[in-house]
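Structure, as structure tokens:
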Amino acid sequence: MSQALWQTEPGADPDKAIMEFLAGDDIVDDRFLLPFDIQATRAHVRGLQRIGILGEQECEQLCGLLDELLADFQSGKFALDDRFEDGHSAIEFYLTERAGPVGEKVHTGRSRNDQVLVATRLFLKDALGRLADETRNIALACLARAEKEGDTPMPGYTHLQRAVPSCVGTWMGGFAESFADSLDFARAVSGLIDNNPLGTAAGYGVNLPLDREGVTAELGFARLQLSPLSTQNSRGKFEIMALQAASHALSDVRRLAWDLSLFTSSEFGFVSLPDRYITGSSIMPNKRNPDVVELLRARLAVVDGAIHEIQSVLSLPSGYHRDLQFTKAPMIRGMRSALQALAIVPDLVRAMTFNAERMRAAITPEMFTTDDAIAAAAEGKPFRSAYRDVKGGAAEAQPRNPEDSLVARVSAGASGDLRLAELRRRLA
Ligand code: ARG
């Protein structure tokens, strides 16, 4: 490892094991943050120029080198490896190696504490934007199935027992609305964390008139994060909020995956998945396993585990503590694995096929008794007595047409009306 930023005596021989322990997995985690760190460093450099700390040429030189660093990093020419303590040191090393004393000016008025905060904040904003896009895509895919095949009858279950006649529109439209809620939640969190922590330094500000507003505008933040101390204390808290947004979307995915693992089983046989979603067994030649669906169901555990991991780190007094380094890995792991899982779902929803015969056959005569009791009650019979009357006769009930029940429920003004047009407007 090259000399750490805070080591001033060239002759000092730091303990290798301790230095590695301090760095932890930073160089690996910081690979996901480096482009954002470079972006924020560029804005910081421009801000320093505006207040006279850097000359115009110095500023241009550093910005040019930052562009080169980004390109070198993305092409693999510059590796964030164990030569460095972390990504922040790597940036300063790169600039200083090429621009000497000008490079040594870059850290004026900032601390790695606000540097990691701003890189993290930009990472989270980007991840939340993508979370919103993925969640909306899933909602739209579910809505399209509901609009196209909404009338296809399907049994409705409670307690996993057959309950009342229902339809694909209710099942898929239900998911469309749930994902729309998760979308709104992701957008709300995105708005909440959209403030700029850079310029708060180590958590107590600095004795320089930093152009915080200008840096905020250049980085595209909606506003400034004001108090230096609360800014520092938001580290981890904002990460948890973002992960919670991912968790809501993934709990909808978990429920959908659960339904699919039941509905694709031969016991139900309501839904078939194309071959690309199916795996075989290494021992049982007959098996067609829905492994993709099961891994989608399990993905929430990664995100909820990450939330718990960060919460455990946050038992801290005010201000920066090195413990906070341990919030990075779960944040990155949680957001990346959520996004990877969500990206699979729209195609899955579009590609699954319904077995209308099997679903119709599972709507058995006794499932109409609720309709019958309510119809009698609508004609004036007290509901409880109508309920008793139909209950005894259920076994003798004749096969019935589920469409009749559905038409009554989705007709204008009835509470089963699917209101898909309203949902589409909400997702516009
Ligand atoms: N890797 C550190 C972290 O993630 C960077 C900040 C180090 N700051 C310090 N004062 N030691 O928290």
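Just so you know, ligand 1 is whichever comes first in the structure, and atom 1 is the first atom listed for that ligand. The basis for the numbers below is simple: all heavy atoms, side chains too, and nothing from hydrogens, waters or symmetry mates. We count residues from 1, following the sequence as given.
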Cation-pi, F238 ring and R235 (6.0 angstrom, 45 degrees):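 So R235 doesn't make the cation-pi contact.
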R83 charged N/C atom sitting above F78 aromatic ring, 6.0 Å / 45°: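 Ring-cation test returns yes.
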Check: L143 and E147 side chains under 4.5 Å, non-hydrogen atoms: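 A side-chain contact exists here, since the closest heavy-atom pair is under 4.5 Å.
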Starting from [atom], which protein heavy atom do you reach first, and at what distance in Å?
| atom | result |
| --- | --- |
| atom 4 (O) of ligand 1 | R235 NH2, 2.9 Å |
| atom 1 (N) of ligand 1 | D26 OD2, 2.6 Å |
| atom 12 (O) of ligand 1 | Y320 OH, 2.6 Å |
| atom 2 (C) of ligand 1 | Q325 OE1, 3.4 Å |

Ligand 1 contact on H321 by region, counting heavy-atom pairs under 4.0 Å: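 Answer for H321: neither.
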Which segment of K328 sits under 4.0 Å of ligand 1 when only heavy atoms are counted: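 Contact part for K328 vs ligand 1: side chain (C-beta onward).
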D86 N/O under 3.5 Å from ligand 1 N/O: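 N/O-N/O distance under 3.5 Å: no.
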Sub-3.5 Å N/O-N/O distance, H88 and ligand 1: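 In fact, backbone or side chain, H88 has no N or O that close.
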Side chains of R212 and T216, donor plus acceptor under 3.5 Å: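 The answer is no; no qualifying pair exists.
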D347 and Y277: side chain donor to acceptor below 3.5 Å: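 Side-chain D/A pair, D347 to Y277: present.
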Residues that F32 engages under side chain to side chain contact (heavy atoms under 4.5 Å, CB included), provided they are two or more places apart: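 Once residues adjacent in sequence are excluded, the partners of F32 under the side chain to side chain contact (heavy atoms under 4.5 Å, CB included) criterion are F123, I332, R336.
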Residue pair D252 / S178: nearest heavy atoms and the distance that separates them: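 Of all heavy-atom pairs spanning D252 and S178, the closest is OD2-O, 3.2 Å.
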Those atoms of ligand 1 less than 4.0 Å from some heavy atom in R322: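 The list of qualifying atoms is 11 (N).
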Option of least heavy-atom distance to atom 8 (N) of ligand 1 (set: D114, I27, N113):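 Residue with the shortest heavy-atom distance to the ligand atom: N113.
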